[in-house]
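Some notes on the structure that comes next.
Computation of the quantities below employed the complete heavy-atom set of this structure, encompassing side-chain atoms and omitting hydrogens, waters and symmetry-equivalent molecules.
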Amino acid sequence: MIRQALFFSSLSQYIVKLIAFISVIVFARLLTPEELGVFAIASSLSMLVTEIRLLGTSNYLVREKELTAETVQQGLGLTLLISWSLGLFIIITANFVSEFYGINDLATIFSILGLGFFLAPFISVISSLLSREFKYQTLMVSRLITQVVTFVVSLTLVLLGYSYYGLAWGVLVGSIAQFFILVKAKPAMFTWIPKFNGLRKIVKFGLLSSGTNLLQRFDATLPDLVIGKLGTPVNVAIFSRAGGLLSFVTQLLVLGVRPVSLPYLSQVKRDGGDLKEAYIKATLLLGSITWPILLVVGFASFPAIVFMFGEQWIDSTPLVSILVYWAVLRVIHTLSPSLLMASENDTIMFIKQLIVFITMLLGMILAFPYGLKAVAWAMVLAGLVDFILASWTIKKAIGLSIFTFISSMSKNIVLCIVCSLFTIYLDHLIDFETTEPGISMLVIAATLPFVWLGTVFATHHPIKSEILYIYKKLKNLGPISK
């Protein structure tokens with residue numbers, strides 16, 4: 001069941017990210033850095049409020065051992081109360097946000113994005129129930145159609161001259177499409193009738209869960225908000241493009257696994273299994289792919305940025321080379337939130353994330369006068385703090401020491417070293433900055449997979465068995481008849 005759920009979850013995320021990748025390339029060429037910077041500020045604010053509106057209901061419905069119809073009604077009632085209140089709050093305070101950042105058009109964009117909050121409770125509860133039942137094929141279809149609708153509507157409106165307004169309307173119409181798709185596929189346990197009593201148990205869990213998720217969101221959105229206030233929309237866009245590239249790569253590799261991790265680890269906990277062994281195995285397999293690829297992107301930042309976004313974004317390339325260390329440090333324990341929730345250590349998780357948030361916020365504010373590179377190094381420092389604290393919280397939760405964890409990741413470290421050195425060798429061989437970006441990317445894509453694969457087999461990495469499993473499955477399909 002886990003492999004099937006992982007397959008559909010990964011497939012949906014990869015397809016959605018492919019469409020998102022195309023969207024980023026297209027809009028990076030149709031809109032100016034200033035236009036994209038304005039929308040980045042509005043979407044970052046909306047994304048943060050999104051975490052508050054659900055108050056952890058999604059994770060609660062997935063984690064709860066004995067889920068009843070009444071619990072589902074209470075979950076819907078709580079999300080209705082909070083999400084609808086926040087939707088009204090966003091619309092009412094849109095002008096204040098616009099004045100705070102000194103950007104008049106921000107009010108309209110923020111208001112458009114706020115309308116989606118009125119559909120969020122139904123989308124969230126249905127998605128949670130489908131996730132709990134491992135129905136990722138249904139979720140895959142809904143995400144795919146939502147992303148396509150969002151892109152088509154946004155592109156049409158941008159071409160018609162609506163600029164960043166087109167992006168906002170695209171997001172809203174995409175949410176409407178997702179609502180109707182999920183309603184049609186809703187599980188039998190879903191009900192339209194909410195309950196507003198007995199919410200304390202969900203609120204108790206949700207305050208910590210949502211607070212933690214909110215603080216985690218700041219990893220990606222805080223730079224836009226801080227730089228947007230202290231600098232200009234162009235500064236926001238340049239920095240956001242660098243961080244956005246690394247976030248895109250990370251999400252492309254991780255998002256297919258992350259939705260399955262909480263149900264999987266929760267099931268291990270319910271069945272009395274070994275959470276320590278399960279976490280090490282999951283992190284080792286995921287890290288064997290994510291860590292080397294992120295480092296390769298960092299060492300090949302020039303062709304990656306120019307190839308995907310165009311020459312107007314060259315100023316983002318040195319930032320990618322710095323931020324890649326933040327991205328790797330952040331992704332090492334990317335499954336730790338699921339582990340801590342599954343082992344019911346929500347308080348520890350929240351405290352850890354709060355410390356990381358404070359470190360990042362203060363670091364960025366103090367570093368900004370020295371330029372965007374200094375801000376990038378401040379994020380690397382926050383990433384290091386994140387890794388250390390995550391390792392400590394995991395030890396407190398399941399007794400996994402940082403030394404045991406690092407030693408169990410030794411084969412991933414070898415993969416990172418080999419792939420990084422080979423990328424540096426390629427840069428020395430063809431010079432990424434003078435070679436056509438498309439050719440540089442083609443050379444990397446044609447050679448690195450074989451270097452990675454050879455290292456996997458040479459070190460007898462555990463992912464080798466997964467590769468052989470997939471190979472045997474494909475081989476059993478037999479030749480295609482003519």
Side-chain angles (χ1 to χ4, degrees), residues 1-11 13-14 134 136 249-269 271-297 327-340 342-343 387 390-391 394-395 397-423 448-476:
M1 184 195 299
I2 296 298
R3 270 199 174 105
Q4 185 181 35
L6 185 59
F7 171 77
F8 284 116
S9 176
S10 299
L11 181 61
Q13 295 296 344
Y14 293 152
F134 291 96
Y136 287 94
V249 174
T250 303
Q251 292 171 11
L252 182 66
L253 300 170
V254 170
L255 282 184
V257 177
R258 190 177 288 158
V260 182
S261 61
L262 178 56
Y264 166 63
L265 292 172
S266 296
Q267 182 175 313
V268 171
K269 177 73 163 39
D271 295 343
D274 188 346
L275 277 175
K276 187 187 303 185
E277 181 183 349
Y279 182 76
I280 289 177
K281 180 180 179 182
T283 303
L284 184 63
L285 294 176
L286 182 60
S288 67
I289 300 173
T290 54
W291 306 359
I293 290 180
L294 281 170
L295 288 170
V296 168
V297 172
V328 172
L329 287 167
R330 188 179 64 146
V331 81
I332 290 174
H333 282 305
T334 191
L335 299 180
S336 64
S338 297
L339 173 69
L340 294 172
S343 58
F387 169 73
S391 300
I394 291 170
K395 185 179 187 302
I398 61 173
L400 176 60
S401 72
I402 187 171
F403 301 106
T404 302
F405 176 79
I406 292 175
S407 64
S408 66
M409 298 293 125
S410 59
K411 293 182 179 180
N412 280 0
I413 295 173
V414 173
L415 277 172
C416 289
I417 294 173
V418 172
C419 291
S420 297
L421 290 176
F422 188 78
T423 306
L448 252 300
F450 295 101
V451 173
W452 178 85
L453 194 63
T455 308
V456 164
F457 277 78
T459 58
H460 299 288
H461 195 288
I463 201 172
K464 173 184 173 182
S465 60
E466 296 296 322
I467 295 172
L468 293 176
Y469 172 81
I470 294 173
Y471 171 75
K472 289 177 182 177
K473 283 289 185 182
L474 293 174
K475 187 177 180 180
N476 290 336

Check your understanding: Are the side chains of Val297 and Leu294 in touch, meaning some heavy atoms are under 4.5 Å apart?
Key -> no
Exercise for review: Taking the side chain as every heavy atom from C-beta outward, state whether Thr459 and Lys464 have any atom pair closer than 4.5 Å.
Suggested key: no
**Study point:** Any donor-acceptor pair under 3.5 Å from Ser408 side chain to Phe405 backbone
**Key:** yes
Point to revise | Ile280 side chain near Met409 side chain, heavy-atom distance below 4.5 Å | key: yes
Check your understanding: To the nearest 0.5 Å, how far apart are CZ in Arg330 and OG1 in Thr334?
Key -> 7.5 Å
Review point. Can you check whether Ser288's main-chain N or O pairs, donor with acceptor, with Trp452's side chain at less than 3.5 Å?
Key: yes
Check your understanding: Which pair of heavy atoms, one from Leu295 and one from Cys416, lies closest together, and at what distance?
Key -> CD1-CB, 3.6 Å
Point to revise | Non-hydrogen atoms of Ile394 and His333 that approach each other most closely | key: CD1-ND1, 3.3 Å
Check your understanding: Are the side chains of Trp291 and Cys419 in touch, meaning some heavy atoms are under 4.5 Å apart?
Key -> no
Check your understanding: What are the two closest heavy atoms between Leu285 and Pro462, and how far apart are they?
Key -> CD2-C, 3.9 Å
Review point. Which atom names give the shortest non-hydrogen contact between Leu335 and Ala282, and what distance separates them?
Key: CD1-CB, 3.6 Å
Practice item. Side-chain contact test, heavy atoms from C-beta onward, threshold under 4.5 Å: evaluate it for Ile463 versus Ile289 and give yes or no. Key: yes
Practice item. Indicate yes or no for a side-chain donor-acceptor contact from Ser410 to the backbone of Ser407 under 3.5 Å, with no hydrogens or angles considered. Key: yes
Practice item. Could you walk me through whether Leu468 and Phe457 pass side-chain contact (heavy atoms from CB on, under 4.5 Å), step by step? Key: CA-CA 11 Å; Leu468 293 176; Phe457 277 78; 4.2 Å; yes
Review point. Is there side-chain contact between Phe387 and Ile402, with at least one heavy-atom pair below 4.5 Å?
Key: yes
Review point. How would you list, by chain and number, every residue that makes a side-chain hydrogen bond (donor to acceptor under 3.5 Å, both in side chains) with Thr404, sequence neighbours excluded?
Key: Ser401
Check your understanding: After noting the C-alpha distance and the side-chain angles of Val456 and Ile467, does the key distance pass the side-chain contact (heavy atoms from CB on, under 4.5 Å) rule?
Key -> CA-CA 10 Å; Val456 164; Ile467 295 172; 4.2 Å; yes
Exercise for review: May I ask you to test the His461-Asn412 pair for a side-chain heavy-atom distance under 4.5 Å?
Suggested key: yes
Check your understanding: With a 4.5 Å limit on heavy-atom distance, are the side chains of Lys395 and Leu400 in contact?
Key -> no
